[in-house]
Amino acid sequence: MSGRVLVGVKRVIDYAVKIRVKPDNTGVVTDGVKHSMNPFCEIAVEEAVKLKEKKLIKEVVAVSCGPQQSQETIRTALAMGADRGIHVDVSGKDYENLGPLQVSKILAALAKQEDAQLILLGKQAIDDDCNQTGQMTAALLDWPQGTFASEVSLEGDKINLVREIDGGLEHIKINTPAVITADLRLNTPRYATLPNIMDSLMNNETELHKPNHRTSLCVGLIPLFETVAPEDMQGGTDRSGAMLRHTVLQSGKPKRIILSCLCI
Amino acid sequence: FSLSNNSLVHGGHARQAEVASSFPPLQTYTEEEGMMREAVKKYAQERIAPLVSKMDENSHMDEEVIKSLFEQGLMGIEIDPEYGGTGSSFFSSILVIEELAKVDPSVAVLCDIQNTLINTLFVKLGTPAQKEKYLNRLSTDMIGSFCLSEAESGSDAFALKTRAEKHKDYYVINGSKMWISNAEHAGVFLVMANVDLSAGYRGITCFIVDRDTEGLEIGKKENKLGLRASSTCPLNFDNIKVPEKNILGEVGHGYKYAIGMLNEGRIGIAAQMLGLAQGCFDHTVPYTRQRVQFGKRIFDFQGMQHQIAHVATQIEAARLLTYNAARLKEAGRTFIKEACMAKYFSAEVATLTTSKCIEWMGGVGFTKDYPIEKYYRDCKIGTIYEGTTNIQLSTMAKFIDKEYNV
């Protein structure tokens, strides 16, 4: 067992930023907008670093697919304790079209190349909320998957996992190598301390990779027709069957509320 | 259209580009500084913000906050990693203090004193043995206090009366100090005492005094208007024995060290006042954009817009003064006049900003349910400590006088 863990980290618009749709409805405004590491990816990095501190794994490799700026996200992972980084350079049109299928092909290829024992990802990204990359990566590699993990423990060459599912908590045991996706309550990510930031800047161990267009980037693209902002919420009316979904982040305060009504 | 025209244009553009890159705007940060600022911003918002109100009300700095400041590496920013520090630069310290002050100026001042006064004194003047003994602890778990002021000597610092009598290889110190920040939690005190009162200020010497020294009494902390979470206590020295090896630097040079350190500390306070003003402003403008009266946002009234824009300009000016003073110091150029300007101006801007913010918030600005009134109370000390506004102005005037003396 190589003892190597691949952690996927995605650069997304910061959770605190108010999202605005572009006037031409082709997407959301990203220019000049604050970006940071996807919160669920932070949890994944934290878990990987914790495993290394417990000496259960040997090396944490942070991977990010995206343009030049993705290197900042990798640096944050290094500052949290990752050993080295891999930046898969995807920019321009390719970056606009980058989705879970393309990323999972890249991750699968990297996992084989790096002889990874474990892939840790966030359960979903807060920009597209796809919740697909982990599952697809596992399928491509034909590896077991433990998604929505709220507890992870290594036992020899197996992993004990507690998953948060609709019905409650599910306990499973899977073989390695495996893909795990982190849910909210898996851990509380550490802050990058200032000394760690200094160390991460000295760290020149981020490799640049160019993905294979033919096999990774041009397959299974989903055409985007239009991006529209939701209608402004009207005052409350009594409708039976209204559903309310919260996205609650670490601070416990609701950050986004999506209201969809089923009128019966 | 000739080749020579082309090369002139090309040459012109190249030179412009060269000038632009050699003189970047003041709000330009190295990658290191940028990452530090982001990290501290996040940490302050998540770990300190929820405790600010309680700490202010109880006039007590939460132990968890102190512990996490050390854990984050914020208490040894310029200390070498060899001694457990972060090994970063003065400007990083300034950015950290500014970010902390946006959330809680009391926490910012704790960090400022540690970094710009205590750590700097040890790093610049400490013998290898002293550095070995103290720097590690200062980066990891021990707070330091700087003891200069006394009941009878504030601005007139060198009229201090605490005396140190030499006996063989130790000194006996008697006297008292007032207004000592961080005293409640400090593990080490840098005490300015006079070994020879007849020599006037040339007898002032800096002594390292450990907290557990017999005869050292830390008085009850003051009940203050603002910066309440930062402990400010009187100290009493009753025949305390301090070994000769605990002298920092040279005998009789203490006054030089004090002035030198305060020149730098001044920029730290400027950063604190700047962060205070910005933090208060950041809490207030969103309110003005939401609050509707007479059918429109109060932000949309021209009177309000003019006031808000004026304050924003003052804050920007304070920022540029502070950043420039910090960069001048880092570049090894003279910076004392600029540091005085930065501290004086930032303190005034903080006073203006907080006062205006309460007005803009209206009734709610006047209540403790909103954070604005705390900023208003906290800002006042800015014009008083680490050199009153009048002292800053007099110092600046001395420099100006010299400049015109040709």
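Numbers restart at 1 for each chain; the letters A, B, ... are given by sequence-line order, proteins then strands.
- Interatomic distance, CD of B:E98 versus OG1 of B:T322, reported as 7.5 Å (0.5 Å rounding).
- Electrostatic pairing of B:D104 and B:K374 counts as a salt bridge here, judged by a charged N lying under 4.0 Å from a carboxylate O.
- Heavy-atom pairs under 4.5 Å with chain A peak, among B:M35, B:E71, B:E32, B:K42, at B:M35.
- Salt bridge present: A:D89 and A:K210 bring a charged side-chain N and a carboxylate O closer than 4.0 Å.
- Side chains of B:D56 and B:S53: no donor on one and acceptor on the other come within 3.5 Å.
- Looking at A:S36, there are no atoms closer than 4.5 Å to chain B (heavy atoms on both sides), in backbone or side chain.
- For A:R190, no part lies under 4.5 angstrom from a heavy atom of chain B.
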